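Here the structure is laid out as structure tokens; the discussion comes afterwards.
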Amino acid sequence: MTRDATTAFARALVDEFARAGVSEAWLAPGSRSAPLALALASDERVRVHVHLDERSAAFFAVGAAKASGRPAIVLCTSGTAAANFHPAVLEAHHSRTPLVVCTADRPPELRDTGAGQTVDQVDLYGRAVRWFCEVGVPEDHPGMATSWRSVAARAAAEALGPPAGPVHLNLAFREPLVPTGEPLVDAPGRPDGRPWTAVTRPARVPDDTTVARLAALTRARPRGAVVAGWGSGVSPDTVERFAAAAGWPVLADPISGLRQGPHAIAAYEALLRSRGFAAGHRPDLVVRLGAAPTSKPLTTWLDAGVPQVLVDPDGAWLDPGRAAAERIAVDPDPLLAALAAALTPRDEPDDAWLRPWLAADRSARTALDKLLDGWETPFEGRVARDVVGALPAGATLAVASSMPVRDVEAFARPRAGLRYLANRGVNGIDGFVSTVLGAATAAPGPTVALLGDLCFLHDANGLLGAATRGVDVTFVVLDNDGGGIFSFLPQAELPEHFELLFGTPHGVDLAALAAMHGLPVDRVEKAGDVVPAVDAAISAGGVRCVIVPTERADNVARHREAWGAVAAAL
């Protein structure tokens, strides 16, 4: 008797994905991927989203996985469709985002024969995946069903890590690609609804010896600091308890989620641009959490002459300056909690180190706010400050690379109740619109994105169908008609070719582009109108755009004026 192995295989994979907690799948249309697409669409435990552009589909999945912490599926047909996933795979790899990448493929007999839509997809993403599996053509052989379920369970588990990241299943299908009507190959799962192979991940807690040693080091070096970047993996309350016990300032990039509490130094970007302050406040010890902050003055200040302990549960080498003296591969939350307990209540921290930091931060903040509040023409730093400060508790702020993430770091005040997302694994602008819309499918509150015009244009395909996806997203687009970050770089001193090669003015009417996709737009000409426009967009719901025009040369001048105001205040 002939049995349908292809349909049974696809349904077994989807069932195992669902058992592992996967609930979102992003698909790009195609023929060769039909067996798995049909199985996903038929399973009510998985919500299916369709996008015409494979790159956008993959970044939608990245956004959903970043927001939920659960693996998301992305599926495409064979050929260049699979290649278009590559940028999102790289971001997922470097940002440790769980992603199950499923690429349909021709069967072995059609490969390397000139068959249409056929490329070499084996190890297509190289070392950027946690696991690759060439699954093989589904066939009705003894033991195949066990293999299918094992592969799917392992894929979901490998995506969660540690470290979390993308996995790649290359799925070869022979025709027919739709159910034949024949009986299915029997492929039952575990009777209790559990995955075929469940994975237990023990906590990576520090041992008593490590805690005692670090506590003694902290006592011996009271001139210390906590420095945090994205992926810090620790709660703000725990960081605050440790900082209070040690008497240390906290220098946290906002996207770490740790710029909050009484020990947070928000204006470190401006403070460390002052040579006198930077030289006079060199720490004797730094505990680093997550990746390096975005701020160049901060990362330059933290050279190899400053003893640094890098805490990362996956043991990643998040040390581009090669300055860390020690790496500790444990979960930072229990480590800092244990250190705080070891330092308290026996040790009363000396505020002679912390007090000048807090005083300088207040002076810098006052100078910055006075200057920014006096400018009615929109300034990108003020937009970043005001958007961060005005969003409701429970909101998600997605921050694009290039200038927006730098302006948020430089100008945002400390605050709690806001969740940050950013594609800082590879620091690219591609796929950002799609990432934001994908994140909104899993974010509990409203989602707001702060991005530049080139970032908006670079992923314009992400807007396809955005108005009908049932999500609430407000895009705050800083429109300076080009690549604003290049005006801060040495290339700006080459006026003959600067605009052609780096400034890249596009002349696109962004409001018309958004309107073409059915998105309401509010164009804001005054700085004081930005927050009301964002508030109105959030209240209205759906996908909306607030466009804020700025001017590149003016933006550079105002940044320099801001740093000058802080220097004068100090």
Side-chain angles (χ1 to χ4, degrees), residues 51-57 59-60 63 84 87-88 377-381 383-384 387 398-407 423 427-438 440 447-469 471 473-489 491-492 495 497-527 529-530 533-534 537 542-556:
H51 206 288
L52 300 180
D53 183 316
E54 286 84 7
R55 188 186 71 161
S56 290
F59 274 107
F60 265 87
N84 285 322
T377 301
F379 165 56
E380 295 179 12
V383 174
V387 168
V399 187
S401 293
S402 292
M403 286 308 299
V405 72
R406 287 168 169 81
D407 283 335
N423 281 345
N427 302 351
I429 64 170
D430 51 331
F432 181 76
V433 171
S434 300
T435 301
V436 174
L437 291 166
T447 299
V448 174
L450 182 65
L451 68 162
D453 50 326
L454 291 190
C455 183
F456 191 65
L457 288 171
H458 200 279
D459 192 25
N461 274 4
L463 299 174
L464 290 167
T468 63
R469 294 192 182 276
V471 295
V473 175
T474 298
F475 289 99
V476 181
V477 186
L478 299 163
D479 183 9
N480 54 35
D481 193 28
I485 193 171
F486 294 107
S487 296
F488 291 84
L489 302 179
Q491 292 94 317
H497 301 295
F498 178 75
E499 281 295 286
L500 172 66
L501 300 178
F502 305 104
T504 56
H506 51 78
V508 175
D509 184 340
L510 300 185
L513 173 64
M516 182 180 71
H517 291 282
L519 306 182
V521 178
D522 191 356
R523 182 178 175 88
V524 177
E525 302 287 349
K526 295 182 179 180
D529 293 337
V530 171
V534 173
V543 180
R544 295 173 176 267
C545 295
V546 175
I547 297 177
V548 185
T550 64
E551 202 278 326
R552 282 181 271 134
D554 177 70
N555 189 50
V556 174

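Residues: numbered from 1 along the sequence shown. Quantities reported herein were computed from a predicted structural model and do not represent experimental measurements.
- Taking the side chain as every heavy atom from C-beta outward, Leu457 and Leu510 approach each other to under 4.5 Å.
- Only one option out of Val546, Asp407, Val548 pairs with Val383 in a side chain to side chain contact (heavy atoms under 4.5 Å, CB included); it is Val548.
- In this structure, the side chains of His506 and Asp481 come closer than 4.5 Å at one or more pairs of heavy atoms.
- Between Asp479 and Thr550 the shortest side-chain heavy-atom distance does not fall below 4.5 Å.
- In this structure, Arg544 and Ala537 approach most closely via the heavy-atom pair CD-O, 3.6 Å.
- Considering only residues two or more places apart in sequence or on other chains, Arg552 meets the side-chain hydrogen bond (donor to acceptor under 3.5 Å, both in side chains) condition with Glu499.
- Heavy-atom minimum distance, Leu464 versus His517: CD2-CE1, 3.7 Å.
- Closest of all the heavy-atom pairs between Asp430 and Arg55 is CB-NH1, 3.4 Å.
- Taking all atoms of both residues into account, the shortest heavy-atom contact from Ile547 to Ala511 is CD1-N, 3.4 Å.
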Legend entry - Test log, rule ring pair (Phe, Tyr, Trp, His ring centres under 6.0 Å), inputs Phe432 and His458: CA-CA 8 Å; Phe432 181 76; His458 200 279; over 10 Å; no
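- Between the side chains of Asp459 and Ser56, at least one donor N or O sits under 3.5 Å from an acceptor N or O.
- A donor-acceptor contact under 3.5 angstrom links the side chains of Asn423 and Thr435, judged on distance only.
- Closest non-hydrogen pair, Leu450 versus Pro404, comes out as O-CB, 3.7 Å.
- In this structure, Ala466 and Leu519 approach most closely via the heavy-atom pair CB-CD2, 4.4 Å.
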